[in-house]
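Beneath this line is the structure, given in structure tokens, with notes to follow.
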There are 2 protein chains.
Amino acid sequence: MIDEQTAREQVVTAADRLFYTRGIQAVGMDAVRAEAGVSLKRIYGLFPSKDDLVIAVLHRRTEQWNTGIATSAEGAKTPEEKLLAVFDFLSGWFRQDDFRGCAFINSYGELGASSAAVAQVARQQKADFQRYVASLVEELGAPSSLAPQLALLAEGAQTTAAISGDASAAAHARSAAQILIAAALGRVPAAA
Amino acid sequence: MIDEQTAREQVVTAADRLFYTRGIQAVGMDAVRAEAGVSLKRIYGLFPSKDDLVIAVLHRRTEQWNTGIATSAEGAKTPEEKLLAVFDFLSGWFRQDDFRGCAFINSYGELGASSAAVAQVARQQKADFQRYVASLVEELGAPSSLAPQLALLAEGAQTTAAISGDASAAAHARSAAQILIAAALGRVPAAA
DNA sequence: TTCGCCTGAGAACGAGCGTTCTCCGGTGCT
DNA sequence: AGCACCGGAGAACGCTCGTTCTCAGGCGAA
């Protein structure tokens with residue numbers, strides 16, 4: 001038999017793919033079982049309820065997001081480049097053919113009203129991201145008001161890319177970010 | 001008996017309130033009946049299925065959004081003021097205590113994968129808004145690349161305000177918009 | 001008044017869901 | 001080998017939902 005850790009990962013991976021592409025409520029636990037190849041009994045042994053599974057999926061999405069951002073920032077030398085790397089990361093993500101928007105926003109829209117835990121995880125992820133941006137802005141020596149502005153661009157790019165199916169939202173966000181950064185640093189920004 | 005038009009409005013109003021606050025799938029048709037005070041039979045006479053009702057609700061949201069934006073722009077004299085009025089409109093909206101994010105984004109996250117009609121209406125609304133912003137940008141004589149940037153800010157503000165519960169997102173978006181507009185016009189923007 | 005007709009209230013139906021239970025075959029220990 | 005346990009397959013259960021059907025009551029026309 002596969003060990004517990006592997007089973008957990010298989011279930012979360014399968015659930016993530018199904019939830020993300022079809023919506024959480026539209027996916028039954030039996031579909032997760034089929035996709036994961038793990039028996040229903042085992043799944044309920046690992047995750048006491050579907051809600052717990054949803055939370056586990058969102059937690060893994062948080063980690064993936066964080067490492068994705070970190071990886072994208074690796075080649076960047078200055079804080080400014082690291083900030084812009086966020087939008088490069090988004091650009092690559094938007095171009096994946098299974099892209100269907102930010103899982104946190106989607107989950108919040110679907111379950112945020114009925115599940116406090118889901119709302120909490122989504123809020124947490126957004127707060128973490130805001131903190132990350134804020135730390136880079138501080139490192140850059142720019143006024144702290146720049147941070148929420150850049151975060152707004154990243155959020156907007158995600159929903160625009162999802163709904164309008166316009167992957168170039170990342171590029172627009174990136175150039176807007178450049179302008180805002182330049183302005184915050186007192187440089188004369190190059191008009192887009 | 002109440003006439004058809006009134007019944008339609010009562011049903012859509014009730015459904016909108018319930019769908020928006022609790023999520024669409026979490027609200028049964030019987031709850032709509034109770035809230036609207038219109039019999040189930042009548043509802044199904046007016047809207048052949050729940051999907052049709054959802055679409056009707058989203059259509060009315062579109063109208064409300066458009067008139068809200070237009071009203072907010074009424075006092076504005078220049079295209080620039082009209083653009084900024086969008087964010088003032090958002091600010092007022094975010095502060096309503098029943099605010100729970102953009103209904104189109106929420107609906108898309110919940111049903112966009114399973115209902116093509118819902119996805120279509122959401123996409124349409126976003127496209128209309130983009131066109132509105134683009135027309136103002138053109139009127140302003142700014143490069144057209146400014147339009148998607150401003151739209152991005154508005155979208156981001158909505159999701160941020162919803163998930164983080166941070167109504168000041170509108171203010172952040174507004175000042176970012178001012179900077180982007182100034183830069184696009186070749187003026188030296190005032191750092192936030 | 002009497003007869004249709006229409007409407008509202010709500011029961012009914014069929015499907016799908018989350019969750020639990022049953023049963024059976026295999027596995028490891030003695 | 002014999003036995004106790006464990007996990008998988010999937011049936012079962014209780015519930016909710018979208019949608020339809022039934023039925024009784026009220027209203028207008030003759």
Side-chain angles (χ1 to χ4, degrees), chain A residues 1-58 106-107 109-118, chain B residues 1-58 106-107 109-118:
Chain A
M1 209 204 21
I2 50 183
D3 75 296
E4 174 170 327
Q5 208 50 38
T6 315
R8 276 191 114 86
E9 262 172 45
Q10 283 182 9
V11 172
V12 172
T13 301
D16 190 11
R17 178 163 42 235
L18 294 175
F19 290 167
Y20 183 65
T21 51
R22 298 192 213 161
I24 296 173
Q25 314 205 61
V27 172
M29 292 298 276
D30 197 62
V32 175
R33 175 202 57 78
E35 177 94 1
V38 174
S39 81
L40 224 37
K41 195 177 186 178
R42 192 99 191 270
I43 293 179
Y44 273 94
L46 297 168
F47 306 95
S49 74
K50 188 182 182 181
D51 260 336
D52 294 278
L53 177 54
V54 171
I55 299 296
V57 166
L58 291 180
N106 291 348
S107 304
E110 189 169 353
L111 298 174
S114 50
S115 163
V118 168
Chain B
M1 208 203 24
I2 50 183
D3 74 294
E4 177 172 324
Q5 207 51 39
T6 315
R8 276 192 114 86
E9 261 171 46
Q10 283 182 10
V11 172
V12 171
T13 300
D16 189 12
R17 177 163 44 236
L18 293 175
F19 290 167
Y20 183 65
T21 51
R22 299 193 212 160
I24 296 173
Q25 313 203 62
V27 171
M29 291 298 277
D30 198 62
V32 175
R33 176 202 56 79
E35 177 94 0
V38 173
S39 80
L40 261 182
K41 196 176 184 179
R42 191 99 192 269
I43 293 179
Y44 274 94
L46 298 169
F47 307 96
S49 75
K50 189 182 184 182
D51 259 336
D52 294 278
L53 178 54
V54 171
I55 299 296
V57 167
L58 291 181
N106 291 349
S107 305
E110 188 168 353
L111 298 175
S114 49
S115 163
V118 168

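It should be emphasised that the depicted structure is a prediction, and the values quoted were computed from it without experimental measurement. Residue numbers begin at 1 in each chain, while the letters A, B, ... track the order of the sequences.
Contact check for A:Lys50 versus A:Ile24: side-chain heavy atoms found under the 4.5 Å cut-off. Put simply, the side chain of B:Ile55 does not reach to within 4.5 Å of the side chain of B:Phe47, judged on heavy atoms. Counting only heavy atoms from C-beta outward, the side chains of B:Gln10 and B:Thr13 never approach each other to under 4.5 Å.
B:Leu46 and B:Ala7 make their closest contact through CD1-CB, 3.9 Å (heavy atoms, listed as atom of the first residue, atom of the second, distance). The heavy-atom pair separating B:Val38 from B:Ile43 by the smallest distance is O-CD1, 3.7 Å. The shortest non-hydrogen separation linking B:Arg22 to B:Ala31 is NH1-CB, 4.5 Å.
In this structure, the CG atom of A:Leu40 is 20 Å from the P atom of D:dC6, given to the nearest Å. Across the protein-nucleic acid pair, B:Ile43 atom CD1 and C:dA9 atom C1' stand 13 Å apart, rounded to whole Å. Rounded to whole Å, atom C1' of C:dG18 lies 14 Å from atom CZ of A:Arg33. Straight-line distance from the CZ atom of A:Arg22 to the C1' atom of C:dC17: 14 Å, rounded to whole Å.
With distances taken from any side-chain atom of A:Ser39 to the nucleotides C:dA11, D:dA9, C:dT20, the minimum falls on D:dA9. Comparing atom distances between the B:Lys41 side chain and each of D:dG7, C:dA9, D:dT19 picks out C:dA9 as nearest.
Over its full length, the helix from C:dT1-D:dA30 to C:dT30-D:dA1 turns its helical axis through 10°, comparing axes from the five pairs at each end and rounding to 10°.
B:Glu110 places a side-chain N or O within donor-acceptor distance of the main-chain N or O of B:Gln25, the cut-off being under 3.5 Å.
The salt bridge (charged side-chain N to carboxylate O under 4.0 Å, His left out) search around A:Asp52 returns none, not counting sequence neighbours.
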For nucleotides 15-18 of chain D, tabulate all protein N/O to nucleotide N/O atom pairs closer than 3.5 Å, reporting atom names and distance.
unit_1: D:dG18; atom_1: OP1; unit_2: B:Val27; atom_2: O; d: 3.4
unit_1: D:dG18; atom_1: OP1; unit_2: B:Lys50; atom_2: NZ; d: 2.2
unit_1: D:dG18; atom_1: OP2; unit_2: B:Met29; atom_2: N; d: 2.6

